[in-house]
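One structure is given here, and the rest of the page talks about it.
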Amino acid sequence: MQVLAVSTDSHFSHKIWQEQELKKMVPGGVPFAMLSDAGGRIGRVYGVYDEDAGVDIRGRFIIDPDGVIQAMEVMTPSVGRNIKELIRQVKAFQHVRATGEVTPAGWQPGQPTLKPGPALVGKVWEVWKPDLIPN
Amino acid sequence: MADETLKCTQPVRGPIAASETSAAPDASPREQQKEISMQARVGKPAPDFEANAFVGGSFKKVTLSDYAGQWILLCFYPGDFTFV
């Protein structure tokens, strides 16, 4: 999976942030591309550019190998993200793409999936319950 | 592409409209920018773009379509050196 991090900062700023701060948090620095969206033109197209603040707010998009957006999450700036939930979603989308099955709420790799069809209508309760969602 | 071409300003295309080739060729980037609105939708193709980037220790231009065929996490954030 390729991670592309985007902000309205210049690519020069990205370099200094990586070298001066991120390398002190993550050994070797963050391993992904850091993109500059000066002017917010990309952010506008993705619906994350805050015209008042002049920055791209926190938004993330999972894009599949066909270039199709499978998931998006956009948040106001003060709350950070949950990387575990992000990874869970990526694994679920990859599983769905590979198998054609669908994954119920809270699905984790290894748990039962659902196979939609006439036989499943009204019978989901037999194969899935809320307590299957891990804490 | 490489660092040797580095300049103080480094124009990039930004969003690359699917209809870019058919758009009025004389429209300036500023005029085109007025028409920019949210296009991202789940289940639809991710809008392509070109951006200046810091990648693997050097500067280069990156387009989303460079990564076609791979899973991509496109992650926007408010700014370098912010707190959360």
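Here is how names work: the chains are called A, B, and so on, in the same order as the sequence lines, proteins then strands, and each is numbered from 1.
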Please find the pair of heavy atoms, one from [X] and one from [Y], that lie closest to each other, and give the distance.
X: A:M72; Y: B:V42; result: CE-N, 3.6 Å
X: A:W17; Y: B:G79; result: CH2-O, 4.5 Å
X: A:F12; Y: B:C8; result: CE1-O, 4.2 Å
X: A:G47; Y: B:M38; result: CA-SD, 3.5 Å
X: A:S13; Y: B:F81; result: OG-CE1, 4.0 Å
X: A:R41; Y: B:G14; result: NH2-N, 3.7 Å

Determine, using the 4.5 Å side-chain heavy-atom cutoff (strictly less than), whether [X] and [Y] are members of one ILVMFWY cluster.
X: A:V121; Y: A:V102; result: no
X: A:M34; Y: A:I83; result: yes
X: A:V26; Y: A:I16; result: yes
X: B:V12; Y: A:V45; result: no
X: B:W71; Y: A:V3; result: yes

### Query
Which atoms of B:Y67 come close to chain A, meaning under 4.5 Å heavy atom to heavy atom: side chain ones, backbone ones, both, or neither?
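Interface part for B:Y67: side chain.
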### Region of B:Y77 that comes under 4.5 Å of a non-hydrogen atom in chain A
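For B:Y77, the contact with chain A is made by backbone and side chain together.
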Between [X] and chain B, which part of the residue has a heavy atom less than 4.5 Å away: side chain, backbone, both or neither?
X: A:Y49; answer: neither
X: A:D66; answer: neither
X: A:A71; answer: backbone
X: A:E73; answer: neither
X: A:L22; answer: neither

Measuring from [X]:[atom1] to [Y]:[atom2], what's the distance to the nearest 0.5 Å?
X: A:I42; Y: B:R13; atom1: CD1; atom2: CZ; result: 11.0 Å
X: A:T8; Y: B:F76; atom1: OG1; atom2: CZ; result: 11.0 Å
X: B:F54; Y: A:H14; atom1: CZ; atom2: NE2; result: 10.0 Å
X: A:D64; Y: B:Q70; atom1: CG; atom2: CD; result: 12.5 Å
X: B:D80; Y: A:Q18; atom1: CG; atom2: CD; result: 10.0 Å
X: B:C75; Y: A:F32; atom1: SG; atom2: CZ; result: 7.0 Å

### Task
Please indicate whether A:K129 has more than 12 foreign heavy atoms, meaning atoms of other residues, nucleotides or ligands, lying under 6.0 Å from its NZ.
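Counting other residues, nucleotides and ligands, NZ of A:K129 exceeds 12 neighbours.
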### Exceeds 12 heavy-atom contacts within 6.0 angstrom, atom NZ of A:K91
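No, the 6.0 Å shell around NZ holds no more than 12 heavy atoms from other groups.
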#### Entry: Best-contacting candidate, A:R97, A:Q70, A:Q2, against chain B by heavy atom pairs under 4.5 angstrom
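Among A:R97, A:Q70, A:Q2, the one with the most close pairs to chain B is A:Q2.
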### Query
B:L74 and side-chain contact (heavy atoms from CB on, under 4.5 Å): which partner among A:I69, A:V6, A:V48, A:I62?
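Passing option: A:V6.
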### Message
Run A:S36 and B:N52 through side chain to side chain donor-acceptor pair (under 3.5 Å) and show every step you take.
### Response
CA-CA 5 Å; A:S36 169; B:N52 288 309; 5.6 Å; no
### Query
Side-chain contact, heavy-atom cut-off 4.5 Å: B:L73 with A:L86?
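Sidechains of A:L86 and B:L73: in contact.
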### Message
Between B:F59 and A:H11 (judged by ring centroids, cut-off 6.0 Å), do the two rings come close enough to count as a pair?
### Response
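Under 6.0 Å, so yes.
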#### Entry: Full working for side-chain contact (heavy atoms from CB on, under 4.5 Å) between B:T82 and A:V55
CA-CA 12 Å; B:T82 55; A:V55 299; over 6 Å; no
### Task
Considering only heavy atoms and a distance below 4.5 Å, find which of B:A53, B:A51, B:P78 pairs most often with chain A.
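Sorted descending by pairs with chain A, the first entry is B:P78.
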